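Take a look at the structure below.
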Amino acid sequence: MILLANSEAWPGFDKTVELLKLNACGIDAMIAGISEVEREIKVRSVGYGGWPNMLGKMELDAGVMDGTTREVGSVGAVPDTLPVAALAHEVMKRLPHVMLTGEGARRFATEIGFPVDEVLCEDSKRVWWERLERELSTDERKAFPDIALAPLSRTITDPERVRDTTVFLAQDFAKGIHAVTSTSGWAWKYPGRLGDSPIPGAGFYADSRYGAAACTHTGEMTMRCGTARSIVLALRLGYSLREAVDMAMEDLAQLKTGFLAGVVIHAIDAWGNHDVASFQCPQEIKYWFWEPKMANPEKRIARKYDLQHTT
Ligand code: GLY
């Protein structure tokens, strides 16, 4: 057994560990943990504590992958709903589809009994408007929201605050390797923007035979590189976990155009190894790790990927 998650996972990591110890299915254990993260106002990138889009509306993204069946459920730009990772799981279990977005996802949530939740907290609302107001002319302020948003989308972002996520990867007692993600996405994003967290192959991927990977930070880059899938495919081709992550990093490092910023890759393999590496992140990145021989989960420091030292 193994559990790996990013630093935002703290409100739910212990719960997931307890459930894994009781031989719960890894997906159920991770959904229970991520639901706690989504409800925690102090986690400022996921669920209730997250950030709204440019119109001040919360649009949440989440994904779930069962690495044994390779079934996926995901939801994108979902309004008024918590917990959305649990909703993504229901998409996987109940529908012939992989992904629902926006009003369709909310409709499905209502049909299966999820309440309509207030997901924008007062502090996020205040920060959202204060930042937006600084960018708007007097005329634009009066006309808002009937103004062109596209010109704002390049100027208003705060790269260090706004693109985090929570990601959980587990190998459970039955050797099933699974992935779950959840995020409010990029703050002040253009309405309808999806990041990588609901996109299988980019923000997450799992295959119980080989391993799993999930990304945080700039989804605009991992979607272009198919990052999570590329790591699991490299494991299948016989590369070590470290080599697989470094090759994915090399792909990201070769992007020269478009929106470029930091990415963090979290990965586990089917043989009990894990790796967390950051690319172009100025700050130190930490993550949570647990395996049965440890008395308690540990918060550890991710390695910084260095293009010079790749194989
Ligand atoms: N990785 C989260 C996002 O890009 O929304």
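In each ligand, atom 1 is the first atom listed, and ligand 1 is the first ligand listed. Model, not experiment: these values are computed from the prediction.
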S197 heavy atom under 4.0 Å from ligand 1: yes
Enumerated ligand 1 atoms positioned under 4.0 Å from heavy atoms of G185: 5 (O)
Identify each donor-acceptor pair in which a side-chain atom of residues 110-118 lies under 3.5 Å from a protein atom, sequence neighbours left out, and give them as a table.
residue: T110; atom: OG1; partner: R106; partner atom: O; Å: 3.2
residue: T110; atom: OG1; partner: R106; partner atom: NE; Å: 3.3
residue: T110; atom: OG1; partner: R106; partner atom: NH2; Å: 2.9
residue: E111; atom: OE2; partner: R107; partner atom: NE; Å: 3.2
residue: D117; atom: OD2; partner: L82; partner atom: N; Å: 3.4
residue: E118; atom: OE2; partner: L120; partner atom: N; Å: 2.9

Atom indices of ligand 1 within 4.0 angstrom of T165 heavy atoms, with elements: 1 (N), 2 (C)
Contacts under 3.5 angstrom, residues 18-34 side chains, donor-acceptor by atom type, not counting sequence neighbours:
none

Polar side chain donor-acceptor pair, D251 to T227, under 3.5 angstrom: no
Side chain, backbone, both or neither: the part of M221 lying under 4.0 Å from ligand 1 by heavy atom: neither
Proximal atoms of ligand 1 relative to H217 (non-hydrogen, under 4.0 Å): 1 (N), 2 (C), 3 (C), 4 (O)
Parallel, tilted or perpendicular: ring planes of W51 versus W188, cut at 30 and 60 degrees: parallel
Short N or O distance, T216 and ligand 1, threshold 3.5 Å exclusive: no
Residues D207, R70; criterion side chain to side chain contact (heavy atoms under 4.5 Å, CB included); working and verdict: CA-CA 7 Å; D207 185 327; R70 274 169 286 147; 3.7 Å; yes
Closest to atom 5 (O) of ligand 1 (judged by heavy-atom distance), picking from R193, M223, K189: R193
Plane angle bin for H274 and F289 - parallel if under 30°, tilted between 30 and 60°, otherwise perpendicular: parallel
